[in-house]
Amino acid sequence: MGKLNPLYAATATAVAVLAVGCSSNDGKASNASQNASPHSSSPSTRTPTSDRAEHIPGESVTKAPTLPDGDVVAQAVNVSGNREMDVKGGLKSGELAVLVNCKGNGKLTVEVKPVGLSFPLKCVPGGVSSTYNQLKLKRTHQQGTVNVTAPSNVRWAITVGR
């Protein structure tokens with residue numbers, strides 16, 4: 001993956017950089033600094049008006065968020081409720097990006113297994129909430145899944161890439 005899309009870097013009020021992994025010895029969760037290192041980003045200097053993620057003009061739940069760079073490994077569009085998606089080719093070492101848009105009244109939660117990446121996104125009925133999360137995996141996992149949990153009244157779209 002290359003540079004972060006300037007639209008996301010300039011408008012995202014909170015880019016969560018989460019890094020977790022598993023140790024190569026016993027498979028138990030270990031210190032994040034041993035297995036994943038965060039990718040830095042430039043948050044906006046704007047003051048958020050609420051605790052939800054930023055609304056990015058042009059984003060919707062009826063089309064997939066655009067990956068700034070790299071290959072799409074999982075994607076879903078205009079979904080409501082919960083869904084589990086397999087990551088094509090498993091989770092490779094290197095950067096993994098998750099872009100999510102949602103609309104409706106409620107909270108959506110994304111979890112990437114087995115690495116333990118998990119984050120919420122507050123959705124609102126009057127607009128599309130968007131977030132971008134990226135982490136760097138130090139190990140390859142043969143299989144990976146992305147689980148999205150959301151109320152049935154929340155519509156969402158997601159793109160996962162590397």
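Side-chain atoms of Leu99 and Ser130, non-hydrogen and from C-beta on, never get closer than 4.5 Å to each other. Using a 4.5 Å heavy-atom threshold, the side chains of Val148 and Val79 count as separate. Taking the side chain as every heavy atom from C-beta outward, Trp156 and Leu121 never approach each other to under 4.5 Å. Two residues are said to be in side-chain contact when any heavy atoms from C-beta on lie closer than 4.5 Å; Asn153 and Pro125 fail this criterion. The shortest distance between side-chain heavy atoms of Ser60 and Asn101 does not fall below 4.5 Å. Proximity of Asn147 to Asn82: side-chain heavy atoms (C-beta onward) are nowhere separated by under 4.5 Å. Side-chain contact between Ile158 and Met85 is present, with heavy atoms from C-beta onward closer than 4.5 Å. Residues Val87 and Arg162 form a side-chain contact, since some pair of their non-hydrogen atoms from C-beta on lies under 4.5 Å apart.
The two residues Pro151 and Gly106 have their closest heavy-atom pair at CG-CA, 4.3 Å. In terms of heavy-atom proximity, Ser152 sits nearest to Ser80 at O-CB, 3.4 Å. Shown here for Leu91 and Lys113, the closest heavy-atom pair between the two residues is CD1-O, 3.6 Å. Contact record, Gly89 with Lys92: O-NZ, 3.1 Å, taken as the closest heavy-atom pair. Taking each heavy atom of Ala64 and Ala157 in turn, the nearest pair found is CA-CB, 4.4 Å. Across all non-hydrogen atoms, the minimal contact from Val154 to Cys123 is CG1-SG, 3.7 Å.
The backbone N or O of Pro65 lies less than 3.5 Å from a partner atom in the side chain of Thr159, making a donor-acceptor pair. Under the 3.5 Å distance criterion, the side-chain polar atoms of Thr140 are matched with a main-chain donor or acceptor of Ser93.
Note: the hydrophobic cluster containing Val61 does not contain Phe119 (ILVMFWY, side chain heavy atoms under 4.5 Å, direct or indirect links).
Judged purely by distance below 3.5 Å, without hydrogens or angles, the side chains of Thr62 and Asn78 never pair a donor atom with an acceptor atom.
Atom-to-atom distance recorded for Glu111:CD and Thr145:OG1 is 7.5 Å, nearest 0.5 angstrom. To the nearest 0.5 Å, the span separating CD on Glu95 from NZ on Lys136 amounts to 6.0 Å.
By the neighbour-count criterion of 12 heavy atoms within 6.0 Å, atom CD of Glu84 is densely surrounded, having more than that number from other residues, nucleotides or ligands.
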